Amino acid sequence: MASFLRPWLAVVVLSAGASGCATLGGARGKDLVSLRYGWPEQASMRVIHTVDVRTDWSGRQTAERRFTMILGPVDAEGQRRLVVRDVEIIGAPFPAFVEPLATAIIDAQGDFQGIDPLEDRRSQAFLEALPLSPRKKAQLTASITAGLEREARDKWNQWVGSWHGARLKPGKLEVGEMTMDVGSGRKSTQSVPAEERIRLDVGVPCSDADPEPRCARLHVVREPVGQTDDTPGRFARVELELVTEPTTLLPHSARILRMDRVDWNAPDGEPDFHESVHVEQHTFIHGADTMTGPMARVMPRQPSPTLEK
């Protein structure tokens with residue numbers, strides 16, 4: 001089954017020219033599908049990124065931004081830059097939504113290698129304008145850089161890095177053991193034993209606008225061992241649905257849903273459970289002119305899940 005040594009998600013408990021192929025066959029049988037990284041030279045796409053957060057203490061908040069994403073040619077060191085530009089913010093109630101998006105460095109195998117230095121970005125001008133001492137500016141720069149690199153790594157691994165080289169049997173549910181962080185208080189988390197379930201389906205439409213059944217859908221669920229939909233008290237579940245081209249791992253959509261029920265009271269107090277649902281969606285538009293002109297309107301799916309107590 002697929003390995004998550006390259007994790008695809010930074011879990012947040014809400015209190016607020018290469019070629020590739022998908023092949024059949026292998027040591028475990030002829031019905032295994034191998035996923036291969038193979039983004040083409042100068043791969044370019046328009047991305048719609050939406051976030052929908054619902055909590056029982058602050059209601060609903062939504063955000064949307066759009067940007068162009070380009071994976072450049074291989075440089076002398078065998079690496080490529082995944083550049084984000086033409087960012088358009090539609091709505092941003094979350095501070096992280098207005099932060100810059102880093103340029104990621106990807107190697108020939110499709111693994112994340114870091115980001116370009118922050119001082120090479122225009123955002124450095126903003127830092128220089130702040131009335132801070134050189135030491136404070138250096139600390140702030142280091143903190144921002146670490147956050148940008150973590151975000152870039154998590155997104156790349158979610159879309160590509162965790163999957164290239166994976167060999168799965170379509171339609172079969174693969175189950176593995178792991179740990180995950182769950183809320184243990186209003187601002188605290190706890191690592192608990194968890195179960196990870198992975199299913200691959202092939203021959204699915206890439207999107208509503210591209211209905212040809214040439215894509216694959218990966219569905220991943222993580223939740224504490226023994227938890228069910230009817231579990232009372234503390235609850236945590238993370239789901240990933242990725243629709244991608246198995247021959248290249250060019251994504252068409254990636255959706256993460258996180259549901260939490262957390263006791264905000266002290267361990268010896270009366271339970272005070274609060275619920276949150278976080279849905280994040282990236283929709284990738286291929287084949288359009290991402291360099292100039294208007295973008296075709298393609299709306300991401302935005303379900304409204306709820307938690308039943």
Side-chain angles (χ1 to χ4, degrees), residues 1-9 17-26 32-49 67-74 78-84 103-114 151-172 174 196 198-207 209-220 239-256 280-288 290 298 300:
M1 64 183 292
S3 170
F4 282 82
L5 295 177
R6 298 164 295 189
W8 47 263
L9 177 64
S19 62
C21 61
T23 59
L24 295 178
L32 294 180
V33 172
S34 295
L35 305 176
R36 300 297 182 192
Y37 163 74
W39 283 31
E41 290 286 339
Q42 296 291 347
S44 177
M45 64 200 75
R46 190 67 176 168
V47 183
I48 303 174
H49 178 200
F67 50 87
T68 297
M69 195 164 65
I70 301 172
L71 186 63
V74 178
Q79 298 176 332
R80 305 172 69 182
R81 260 58 178 183
L82 185 64
V83 180
V84 174
T103 294
I105 303 172
I106 310 300
D107 69 14
Q109 289 72 45
D111 289 325
F112 181 87
Q113 296 298 320
E151 173 74 6
R153 178 189 298 108
D154 291 338
K155 288 294 184 288
W156 178 258
N157 287 339
Q158 174 193 325
W159 303 335
V160 177
S162 290
W163 305 112
H164 69 76
R167 303 174 70 247
L168 300 166
K169 181 177 180 179
K172 179 182 178 182
E174 302 274 6
E196 179 177 76
I198 304 175
R199 177 187 170 110
L200 173 73
D201 291 296
V202 296
V204 303
C206 295
S207 66
D210 184 4
E212 183 180 349
R214 57 186 173 82
C215 280
R217 178 173 57 243
L218 279 155
H219 186 236
V220 185
E239 297 186 23
L240 165 70
E241 184 179 275
L242 173 68
V243 176
T244 186
E245 297 182 24
T247 56
T248 59
L249 287 176
L250 276 170
H252 286 258
S253 64
R255 173 178 171 268
I256 284 185
E280 182 175 17
Q281 170 104 13
H282 287 82
T283 302
F284 305 86
I285 303 172
H286 304 271
T290 58
V298 178

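Predicted model only: the values in this text are computed from it and were never measured.
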Item to complete: Apply the test side-chain contact (heavy atoms from CB on, under 4.5 Å) to residues Met69 and Leu82: give CA-CA distance (whole Å), side-chain angles for both, the deciding distance (0.1 Å), then the verdict.
Response: CA-CA 7 Å; Met69 195 164 65; Leu82 185 64; 3.6 Å; yes
Discussion item. Glu174 vs Glu196, test: side-chain contact (heavy atoms from CB on, under 4.5 Å). Steps then yes/no.
Written reply: CA-CA 8 Å; Glu174 302 274 6; Glu196 179 177 76; over 6 Å; no
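Partners of Asp107 under the salt bridge (Lys or Arg N to Asp or Glu O under 4.0 Å) rule, at least two apart in sequence or in another chain, do not exist in this structure. Residues satisfying the side-chain contact (heavy atoms from CB on, under 4.5 Å) criterion with Val243, sequence neighbours excluded, are Cys215, Arg217, His252, Ser253. Legend: residues meeting ring-ring contact (aromatic ring centres under 6.0 Å, His included) with Phe284, ordered by chain and number and at least two apart, are Trp159.
Residues Glu212 and Cys206 have side chains not in contact (no heavy-atom distance under 4.5 Å, counting atoms from C-beta outward). Side-chain contact check for Met45 versus Ile285: every heavy-atom pair is 4.5 Å or farther apart. Between His164 and Asp111 there is a side-chain heavy-atom pair separated by less than 4.5 Å. The closest side-chain heavy-atom distance from Trp39 to Pro251 is below 4.5 Å. For the pair Phe112/Ile105, no side-chain contact is recorded, criterion being any heavy-atom separation below 4.5 Å from C-beta on. The shortest side-chain heavy-atom distance between Pro40 and Leu250 falls under the 4.5 Å cut-off.
The shortest heavy-atom contact between Ala108 and Tyr37 is O-CE2, 3.6 Å. Between Val74 and Gly78, the shortest heavy-atom contact is CG1-CA, 3.4 Å. In plain terms, the two heavy atoms of Val33 and Pro170 that are nearest each other are CG2-CG, 3.5 Å. Contact detail for Pro246 and Leu35: the closest heavy-atom pair is CB-CD2, 3.8 Å.
The CZ atom of Arg153 sits 10.0 Å away from atom CD of Gln113, with the distance rounded to the nearest 0.5 Å. For the atom pair CD (Glu241) and CG (Asp201), the distance works out to 9.5 Å, reported to the nearest 0.5 Å. Distance check, rounded to the nearest 0.5 Å: CG of Leu218 to CG of Leu249 gives 8.5 Å. The distance from atom CD1 of Ile106 to atom CZ of Arg81, rounded to the nearest 0.5 Å, is 10.0 Å. With rounding to the nearest 0.5 angstrom, the CD atom of Gln158 is 12.0 Å from the CZ atom of Arg255. Once rounded to the nearest 0.5 Å, the distance linking CG of Leu71 with CD of Gln42 reads 8.5 Å.
Under a 3.5 Å cut-off, the side chain of Arg80 and the backbone N or O of Gly72 do form a donor-acceptor pair. With hydrogens and angles disregarded, no donor-acceptor distance shorter than 3.5 Å links the side chain of Trp156 to the backbone of Glu151.
For the side-chain contact (heavy atoms from CB on, under 4.5 Å) criterion with Val220, the lone passing option out of Ile198, Leu200, Ile256 is Ile198.
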